[in-house]
Amino acid sequence: MIGAIILTSVLAFLAWLFMTMGSGNLLYLWDLKEIYAGIFFSVVTGVVAGRFVKGKDWRMLNPARWFLFAAYLIGPFFIAMAKANFDVAYRVITGKIRPGIVRIRPNLKTDLGITMLANSITLTPGTLSVDVDENSGDLFVHWINVKNGAEEKDICDYKLVCGKFPDWIRRIAE
Amino acid sequence: MIPECVIYLFLGIGLFFNFMGSIGLMRMPDIYTRLHAATKCTTFGSIFTSLAVIIYGILWWYDGHSSYAPLATHTIVALAAILVTNPTGAHAIARASHRAGVKPERAVVDRLEEVKLP
């Protein structure tokens, strides 16, 4: 409980510092008045909003996971996203599509992991996550260009749909 | 000189992909394929237009106009918000329309049709 309040306050204060950059001369970036106001408002935010922080899972506080996440974002994710956009542009111009909804089993356990994977899938080549089976963690993915043969299997191989993303996300979030 | 060229380049790339997203919205046959065009292209295009704004803000900030600093930092926050909310919104629309009974047009397979989720 106290941990959640402190964590929320610290995050709110960091967000405040980020948003008020350039307001004064302290460390060339901040005005002292802004810092005082920031401390006040972040403590208020922590007390009010800290009780909404549920769960005992603090593993995302590990900085190694943050660096891994940043590496994932600017590395494989950004490349896949650039490819996705040329792919969509190509399909918009030519109109060549072969759509379908397939089922994949990424074997991710946590809600955060599944959310990150679903969002990554939506932003990368030719795929859009439609629904999730909450018991098994299976995702239903709308695929704009189903590969030949992939539609026959009951559960599609996730490497065909989203490459190595589940492996990255398992390392980041689980 | 070079930073200005980068700004124009990023604006051009962003406009191109946003334009492609709009065209896709007109050309695609059903809601799911339209969502493909609408989410991917607008997110990618908005990343580049936002990057152009960020570079512009940082340039003026570096020149000593510290009132331009919030332009850069707030755009970074907006960019993060776009990256999280755009796919989530697309996912919500797709899920809602499948539950409302909209079938994917010209689909070769529909596994979600076969299982009944609660």
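Per chain, numbering begins at 1; letters A, B, ... match sequence-line order.
- Aromatic ring centroids of A:H142 and B:H98 lie 6.0 Å or more apart.
- In the hydrophobic clustering of ILVMFWY residues, with side-chain heavy atoms under 4.5 Å counting as a link, A:I79 and A:W168 come out apart.
- Crowding of A:D111 atom CG: a count of heavy atoms from other residues, nucleotides or ligands under 6.0 Å not exceeding 12.
- Note: A:P99 leads A:S120, A:G100, A:P99, A:S129 in heavy-atom pairs under 4.5 Å with chain B.
- For a residue to count as touching a neighbouring chain, one of its non-hydrogen atoms must lie under 4.5 Å from one of that chain's; by this rule A:A82 touches chain B with backbone and side chain alike.
- Salt-bridge formation is detected for the pair A:D131/B:R99: a Lys NZ or Arg NE/NH1/NH2 atom is positioned less than 4.0 Å from an Asp or Glu carboxylate oxygen.
- At least one side-chain heavy atom of B:V77 sits under 4.5 Å from a side-chain heavy atom of A:M19.
- Contacts between A:A118 and chain B at a heavy-atom distance below 4.5 Å are absent for every atom of the residue.
- Residues A:R91 and B:T33 fail the side-chain proximity criterion, which asks for heavy atoms closer than 4.5 Å.
- No single ILVMFWY cluster, assembled from side-chain heavy atoms under 4.5 Å apart, contains both B:L71 and A:W16.
- Proximity of B:M20 to A:N85: side-chain heavy atoms (C-beta onward) are nowhere separated by under 4.5 Å.
- Nearest heavy-atom pair, A:T122 versus B:A90, reported as atom, atom and distance to 0.1 Å: CG2-CB, 4.3 Å.
- We find the NE2-CH2 distance between B:H36 and A:W143 to be 11.0 Å, quoted to the nearest 0.5 Å.
- In terms of heavy-atom pairs under 4.5 Å with chain A, the best-connected choice from B:A37, B:A96, B:P87, B:G24 is B:P87.
- Put simply, B:F16 and B:L9 are part of the same group of oily side chains (I, L, V, M, F, W, Y) that touch within less than 4.5 Å, one to the next.
- Only the side chain of B:I76 comes within less than 4.5 Å of a heavy atom of chain A; its backbone N, CA, C and O stay farther away.
- For CZ of A:F67, the number of neighbouring non-hydrogen atoms (other residues, nucleotides, ligands) closer than 6.0 Å is 12 at most.
- The cluster map of Ile, Leu, Val, Met, Phe, Trp and Tyr, joined by side-chain heavy atoms under 4.5 Å apart, puts B:L11 and B:F48 in the same cluster.
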Check your understanding: Given the rule in the side-chain contact (heavy atoms from CB on, under 4.5 Å) test, do A:M81 and B:T43 qualify, once you have shown the distances and angles that lead to the verdict?
Key -> CA-CA 9 Å; A:M81 202 166 156; B:T43 311; 3.8 Å; yes
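- Between the CD1 atom of A:I121 and the NE2 atom of B:H91 there is a distance of 10.5 Å, given to the nearest 0.5 Å.
- Within the 4.5 angstrom heavy-atom criterion, atoms from both the backbone and the side chain of B:L83 approach chain A.
- Judged purely by atom type and a 3.5 angstrom limit, B:K40 has no side-chain atom pairing as donor or acceptor with the backbone of A:L128.
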Practice item. Using the side-chain contact (heavy atoms from CB on, under 4.5 Å) rule, take B:M28 and A:I144 through it: C-alpha gap first, then chi angles, then the decisive distance, then the call. Key: CA-CA 11 Å; B:M28 291 299 191; A:I144 203 168; 4.1 Å; yes
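- Within the 4.5 angstrom heavy-atom criterion, no atom of B:F19 approaches chain A.
- Ring centers of A:F86 and B:F17: under 6.0 Å apart, within the cut-off.
- A:L11 and A:V44 are assigned to two separate hydrophobic clusters, defined by single-linkage of ILVMFWY side chains at heavy-atom distances under 4.5 Å.
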**Study point:** From CA spacing to verdict: side-chain contact (heavy atoms from CB on, under 4.5 Å), A:L123, B:F44
**Key:** CA-CA 9 Å; A:L123 289 176; B:F44 199 65; over 6 Å; no
